[in-house]
Amino acid sequence: KKDNDTIMTAASSSDHTTLTKVLTRKSIPSLIQQLDASDVLECYSLTRKAVLNNFHNATVQKLAFGIRYDPPTKSHHKLPLEFTLEYGPQRVGKKMDQESTPSLLLTTTTTTNSQDQNNDIDDDILLSWENQGNVYYTTSSIQSLEWESAFYMGYFTGAVLEKILEQAVTYSIDKPIYQ
């Protein structure tokens with residue numbers, strides 16, 4: 001069992017993050033590698049602050065699922081693995097590191113009243129949001145400075161990992177609109 005202090009050791013300044021990607025069925029094989037029922041993976045609940053696109057200094061708290069595999073020394077053919085899974089709305093930015101946010105659109109319509117020849121001008125505000133829900137993953141360290149906290153939740157075997165990832169992909173297909 002790992003404790004919060006173990007996982008949250010400060011990451012070095014050379015710690016680089018990888019691009020966020022949308023989890024698809026095609027990406028699952030690269031994440032599960034050759035893991036099987038004999039491999040034990042740790043899982044963590046992670047929290048971070050997410051920047052809202054186009055809102056100055058606005059953030060929201062997000063939760064993610066962190067997975068880590070540290071192969072035993074006798075397992076020379078398996079590599080260490082760390083990645084995160086997070087369900088959310090469309091991401092924007094070069095690194096897909098900002099949450100998509102609502103946009104307010106002002107529309108003006110003019111209607112003519114034929115009886116008194118007066119024009120009525122109506123201003124409508126429309127709310128638009130790119131809120132297609134996706135499960136995103138990154139293969140960056142779960143010790144990254146991006147995560148404010150991490151809590152050990154338990155473990156599962158490599159045989160279960162593929163089922164978890166398949167379920168995550170299915171969830172975003174079944175629930176395509178993020179709310």
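With sequence neighbours excluded, no residue forms a side chain to side chain donor-acceptor pair (under 3.5 Å) with Thr157. Applying the side chain to side chain contact (heavy atoms under 4.5 Å, CB included) criterion to Gln34, with sequence neighbours excluded, gives His77. Under the rule for a side chain to side chain contact (heavy atoms under 4.5 Å, CB included), the partners of Phe156 that lie at least two apart in sequence or sit in another chain are Leu41, Cys43, Phe65, Ile67, Val160, Leu161, Ile164. With sequence neighbours left out, Lys62 forms a side chain to side chain contact (heavy atoms under 4.5 Å, CB included) with Arg48, Ala50, Val60, Glu86, Pro89, Glu99, Tyr178. Residues satisfying the salt bridge (charged side-chain N to carboxylate O under 4.0 Å, His left out) criterion with Glu166, sequence neighbours excluded, are Arg25. Considering only residues two or more places apart in sequence or on other chains, Pro72 meets the side chain to side chain contact (heavy atoms under 4.5 Å, CB included) condition with Tyr69, Lys74, Ser75.
In this structure, Lys26 and Pro29 approach most closely via the heavy-atom pair O-CD, 3.4 Å. What you find for Val22 and Tyr137 is that their closest heavy atoms are O-CE2, 3.7 Å. Annotation for Ile28 and Glu162: closest pair CG2-CG, 4.2 Å, computed over non-hydrogen atoms. Of all heavy-atom pairs spanning Gly133 and Ser172, the tightest one is O-CB, 3.9 Å. Nearest heavy-atom pair, Leu35 versus Asp39, reported as atom, atom and distance to 0.1 Å: CA-OD2, 3.2 Å.
No donor-acceptor pair closer than 3.5 Å links the side chain of Asn134 to the backbone N or O of Tyr136. The backbone N or O of Ser141 lies less than 3.5 Å from no partner atom in the side chain of Glu82, so there is not a single donor-acceptor pair.
Residues Arg68 and Phe83 are not in side-chain contact: their nearest non-hydrogen atoms beyond the backbone lie 4.5 Å or more apart. With contacts defined as side-chain heavy-atom distances shorter than 4.5 Å, the pair Leu85/Leu23 qualifies.
Judged as a salt bridge (charged side-chain N to carboxylate O under 4.0 Å, His left out), not a single pair has a partner in residues 150-160 (not counting sequence neighbours).
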Fill in: Worked verdict on Thr84 versus Thr139 for side-chain contact (heavy atoms from CB on, under 4.5 Å)
CA-CA 7 Å; Thr84 61; Thr139 53; over 6 Å; no

Practice prompt. Begin with the C-alpha distance, continue with both residues' side-chain angles, and end with the deciding distance and a verdict on side-chain contact (heavy atoms from CB on, under 4.5 Å) for Val169 and Val135.
Written response: CA-CA 7 Å; Val169 169; Val135 174; over 6 Å; no

Item to complete: For Ser149 and Thr47, run side-chain hydrogen bond (donor to acceptor under 3.5 Å, both in side chains): C-alpha distance rounded to whole Å, both residues' side-chain angles, the deciding distance at 0.1 Å, then the answer.
Response: CA-CA 5 Å; Ser149 65; Thr47 60; 2.5 Å; yes

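Checked for salt-bridge contact, Lys78 and Asp70 miss the test: no charged N lies under 4.0 Å from a carboxylate O.
Screening Tyr152, Trp147, Tyr155 for a ring pair (Phe, Tyr, Trp, His ring centres under 6.0 Å) involving Tyr44 leaves a single residue, Tyr152.
In this model, no donor atom of one side chain and acceptor atom of the other lie less than 3.5 Å apart for Thr138 and Thr20.
Rounding to the nearest 0.5 Å gives a distance of 7.0 Å between NZ of Lys21 and CG of Leu19. One finds the CG atom of Leu46 at 9.0 Å from the CG atom of Leu63 (value rounded to the nearest 0.5 Å). For the atom pair CG of Leu81 and CD1 of Ile32, the computed distance is 10.5 Å after rounding to the nearest 0.5 Å.
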